[in-house]
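Report on the structure given below.
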Amino acid sequence: MTILILGSGGREHTFAWKMVQSPLCDKLFVAPGNSGTAEIATNINIKVTDFDAIKTLVLEHNIEMVVVGPEDPLVQGIHDFFLNDTQLKHVAVIGPQKAAAELEGSKEFAKEFLFRHHIPTAAYQSFSVDNVEEGYRFLETLKAPYVLKADGLAAGKGVLILNDLDEAKTELKSMLVDAKFGDASSKVVIEEFLDGIELSCFVLTDGKNYKILPTAKDYKRIGEGDTGLNTGGMGAVSPVPFATEEFLNKIEERIVKPTINGLIKDNLPYKGFVFIGLIKVGDDPKVIEYNVRMGDPETEVVLPRLKTDLVEIFKAISEERLNEIDIEIDDRAATTVMLVSGGYPEAYEKGKEITGLDQVEGSIPFHAGALLKEGKVVTSGGRVMAITSYGNTYQEAIKKSYQNIEKLHFDKMNYRKDIGFDL
Ligand code: AMP
Ligand code: GLY
């Protein structure tokens, strides 16, 4: 079949890498794609939220399946757009419909869902410009640190964790009254702070059945020892060594099952990935957030461990027979280290040539913010490339990634040298 992947990151290169291995994949397009996807598929330069251009592309090439990488098109209703169009409704779209995508599109919606279905999560209240004063009073009842979350999508920047009460009040005002994150902070969720170690769980669902994929842990801060500004993710490890079988059972019973049943009860149509951000508090898992897509760079360690044909899985999801699929996982660990542009996550330069890719041995470089220009691979974003390796242990895998990174170069290249340090 002919397939289209929407997106341009390391996640989408990994999807493409996995899907071209399937005998079911005859032709693969990626929009807009990057230098990595250009090597194995056909890139089409259209935006992931330009639904009309996507429709034209799908009709022109008889595309039968669309795999949606990032959250924006899902929250804007791309799946509904396909279902409501007589020319497109036969196309399999992997990603939830708009109503379900609100689990990522609105923190308040997600919290209400979690409480309605008795899924463990932090206590919270939400506030708008009409009750800022009540927000201050609520903050006074909490202990530091204070967790403030913009309700809507804020490109991963909408969560503030503050140690000082006055600072928390000032930030609350700035979000609600001065629209610090634009429309996204017209509502703010204030949460109880949860102290523990984070991990992520990835679930596939066809809206009725579910399958759990390997766990992963990502490293969000720019600096070693988890310091400095938040990024999209600087590296990842799978599986998560502290997620024992007993702990995984708790995740399935207390979180995954009620989540899938909740989607059914609330009539939220879902065919795709559920990314559950978790925190281990004592011995118990609690939900920090839902995302309605795969994580990046978590995809770069989870999909390499999946032995089952991904196109076959997607086909089963679209036909609501995921229960018929056996998910086979590689026992080896996988790790990835993200190479980023100097300055990221603040201002950085682009267009730097990346050299040494032909020297890489025993690792897979998944391209992210990188493009082909006059036959050369050059940087085009903050997160440039994720170097993934396998190993019998995560330590062995990470060593291989770092050995190969020694061979790679671009001007002002930066990366964290401590991925896995806390495990
Ligand atoms: P989110 O965008 O909801 O994933 O939040 C970003 C990051 O903020 C998470 O990955 C956590 O590190 C942290 N965080 C969010 N909510 C809480 C909470 N209730 N307690 C502690 N840390 C949190
Ligand atoms: N790595 C975190 C995310 O994809 O949201």
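Computed from a predicted model, the values in this text were never measured in an experiment. Numbering of ligands and ligand atoms starts at 1, following listing order.
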Open item on the list: What I want to find out is whether Glu253 reaches Lys257 closely enough, with some N-O distance under 4.0 Å, to be called a salt bridge.
Closed with: yes
Open item on the list: Aromatic contact between Phe51 and Phe82, with the criterion being ring centroids under 6.0 Å apart: yes or no?
Closed with: no
TODO: Would you mind listing which atoms of ligand 1 come within a distance below 4.0 Å of any non-hydrogen atom of Ile161?
DONE: 8 (O), 13 (C), 14 (N), 22 (N), 23 (C)
Task: Heavy atom of the protein closest to atom 19 (N) of ligand 1 (residue, atom name, distance) - done: Glu191 OE1, 2.7 Å
TODO: Would you mind checking if Arg116 and Asp266 are paired as a salt bridge, meaning a charged N to carboxylate O distance below 4.0 Å?
DONE: yes
- [ ] Could you name the option among Arg293, Met294, Met234, Met338 that has the heavy atom nearest to atom 3 (C) of ligand 2?
- [x] Arg293
Task: atom 20 (N) of ligand 1 [closest protein heavy-atom partner, distance rounded to 0.1 Å] - done: Leu194 N, 2.8 Å
TODO: Please state whether the rings of His367 and His13 are parallel, tilted or perpendicular, taking 30° and 60° as the class boundaries.
DONE: perpendicular
Open item on the list: If the cut-off is 4.0 Å to any non-hydrogen atom of Lys220, which atoms of ligand 1 fall inside it?
Closed with: 10 (O)
- [ ] Taking the side chain as every heavy atom from C-beta outward, state whether Thr259 and Val203 have any atom pair closer than 4.5 Å.
- [x] no
- [ ] Indicate yes or no: does an N/O atom of Ala122 lie under 3.5 Å from an N/O atom of ligand 1?
- [x] no
Task: Any donor-acceptor pair under 3.5 Å from Asp151 side chain to Val188 backbone - done: no
Task: Phe113 six-ring centre to Lys111 NZ/CZ under 6.0 Å and within 45° of normal - done: no
- [ ] Can you sort out which atoms of ligand 1 are near Lys107, meaning under 4.0 Å from one of its heavy atoms?
- [x] 1 (P), 2 (O), 3 (O)
TODO: Could you list the atoms of ligand 2 found under 4.0 angstrom from a heavy atom of Gly295?
DONE: 4 (O)
Open item on the list: I need the nearest protein heavy-atom contact for atom 5 (O) of ligand 1: residue, atom name and distance, please.
Closed with: Val159 CG2, 3.4 Å
Task: Ligand-side contact atoms (ligand 2) for residue partner Asp218, heavy atom cut-off under 4.0 Å - done: 1 (N), 2 (C)
Task: Polar contact flag, side-chain donor to acceptor under 3.5 angstrom, Glu252-Tyr210 - done: yes
TODO: Give the residue and atom name of whichever protein heavy atom lies nearest to atom 12 (O) of ligand 1, and the separation in Å to one decimal.
DONE: Glu198 OE2, 2.4 Å
Open item on the list: Looking only at distances, can you tell me whether any N or O atom of Glu298, backbone or side chain, sits closer than 3.5 Å to an N or O atom of ligand 2?
Closed with: yes
Open item on the list: How far is atom 1 (P) of ligand 1 from the closest protein heavy atom, and which atom is that?
Closed with: Glu289 OE1, 3.4 Å
Task: Gly232 neighbourhood, listing ligand 2 atoms whose heavy-atom distance to it stays under 4.0 Å - done: 1 (N), 2 (C)
TODO: Taking only heavy atoms of Phe193 into account, list the atoms of ligand 1 that are under 4.0 Å away from them.
DONE: 20 (N), 21 (C), 22 (N)
Task: Atom indices of ligand 1, in the order listed, that fall short of 4.0 Å to a heavy atom of Lys149 - done: 3 (O), 15 (C), 16 (N)
TODO: Answer yes when Glu198 and Lys217 have at least one side-chain N-carboxylate O distance shorter than 4.0 Å, and no when they do not.
DONE: no
Open item on the list: When you compare ligand 2 with Arg11, is there at least one nitrogen or oxygen pair between them that comes in under 3.5 angstrom?
Closed with: no
Task: Side chains of Thr49 and Gln76, donor plus acceptor under 3.5 Å - done: no
Open item on the list: Need the ligand 2 atom indices (1-based, order shown) with element for anything under 4.0 Å from a heavy-atom of Phe275.
Closed with: 3 (C), 4 (O), 5 (O)
TODO: Look at Asp206 together with Lys208 and state whether they make a salt bridge at an N to O cut-off of under 4.0 Å.
DONE: no
Open item on the list: Contact between ligand 2 and Gly233 is defined here as a heavy atom of the residue under 4.0 Å from a ligand atom; is it met?
Closed with: no
Task: Least distance between heavy atoms, Leu213 atom then Phe273 atom - done: CD1-CE2, 3.8 Å
